[in-house]
Amino acid sequence: VQLQASGGGLVQPGGSLRLSCAASGFQLDYYAIGWFRQAPGKEREGVSLITRNDGSTWYADSVKGRFTISRDNTKNAAYLQMNSLKPEDTAVYYCAAINLAPGSELSLLDYYVPDYWGKGTQVTVSS
């Protein structure tokens, strides 16, 4: 059973990256998918969430309008499209599979305990 985030790298401010979250050994479509990030010296924070059933989404205010979360259950994967990147987006990004009950408040992402954590991928935004 494994969850793996990939797609990070070095990008200039204003650039874009697409992160992928691939699951093996279990069905990702049973879970809501959350993306988190942790910058050096800072606490981990929830960035975005997509539900398993109706595909509802939530975004942290800091990324709203710039990031887009999606999922492809046929590929057992989820994605985070990141546009208009800023230096403050620099962090290690993680995806997680969360067994979220229907009707849960999506903005409480930081308080949910994922069933699975993926290994992170480094995103560095710098000129």
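Judged purely by atom type and a 3.5 angstrom limit, Arg44 has no side-chain atom pairing as donor or acceptor with the backbone of Asp110. With hydrogens and angles ignored, the 3.5 Å screen pairs a side-chain donor or acceptor of Asn76 with a backbone N or O of Ala23. The main-chain N or O of Trp58 is found under 3.5 Å from a side-chain atom of Ser48 such that the two form a donor-acceptor pair. Side-chain atoms of Ser56 do not come within 3.5 Å of backbone N or O of Thr51 as any donor-acceptor pair.
Sequence neighbours left out, the pairs with a member in residues 70-117 that pass ring pair (Phe, Tyr, Trp, His ring centres under 6.0 Å) are Phe26-Tyr116, Tyr31-Tyr116, Phe36-Trp117.
Side-chain contact between Arg37 and Ser62 is present, with heavy atoms from C-beta onward closer than 4.5 Å. In this structure the side chain of Leu100 reaches within 4.5 angstrom of the side chain of Leu106, judged on heavy atoms. In this structure the side chain of Cys21 reaches within 4.5 angstrom of the side chain of Leu3, judged on heavy atoms.
Nearest heavy-atom pair across Pro13 and Ser127 is CD-N, 3.7 Å. Contact record, Leu49 with Ala32: CD1-CB, 4.0 Å, taken as the closest heavy-atom pair. The two residues Val92 and Gly120 make their nearest non-hydrogen contact at CG1-CA, 3.8 Å. Gly8 and Val123 make their closest contact through CA-CG2, 4.0 Å (heavy atoms, listed as atom of the first residue, atom of the second, distance).
In summary, Lys86 and Asp89 do not engage in a salt bridge, as defined by a charged side-chain N under 4.0 Å from a carboxylate O.
Considering CD of Gln81 and CG of Leu19, their distance stands at 8.5 Å, rounded to 0.5 Å. In this structure, Ile98 CD1 and Asp115 CG are separated by 9.0 Å, a value rounded to the nearest 0.5 Å. Put simply, CD on Gln4 and SG on Cys95 are 8.0 Å apart, with the number rounded to the nearest 0.5 Å. Interatomic distance, CZ of Arg52 versus CG of Asn73, reported as 9.0 Å (0.5 Å rounding). Distance OG1/Thr57 to CD1/Ile33: 13.5 Å, rounded to 0.5 Å. The CZ atom of Phe67 lies 9.5 Å from the OG atom of Ser84; values are rounded to the nearest 0.5 Å.
In this structure, Leu10 shares a hydrophobic cluster with no other residue, the cluster being traced through Ile, Leu, Val, Met, Phe, Trp and Tyr side chains under 4.5 angstrom apart.
Only one option out of Ile50, Val47, Val63 pairs with Ile69 in a side-chain contact (heavy atoms from CB on, under 4.5 Å); it is Ile50.
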Candidate pair Val125 and Glu88, rule side-chain contact (heavy atoms from CB on, under 4.5 Å), full reasoning: CA-CA 8 Å; Val125 185; Glu88 50 264 43; over 6 Å; no
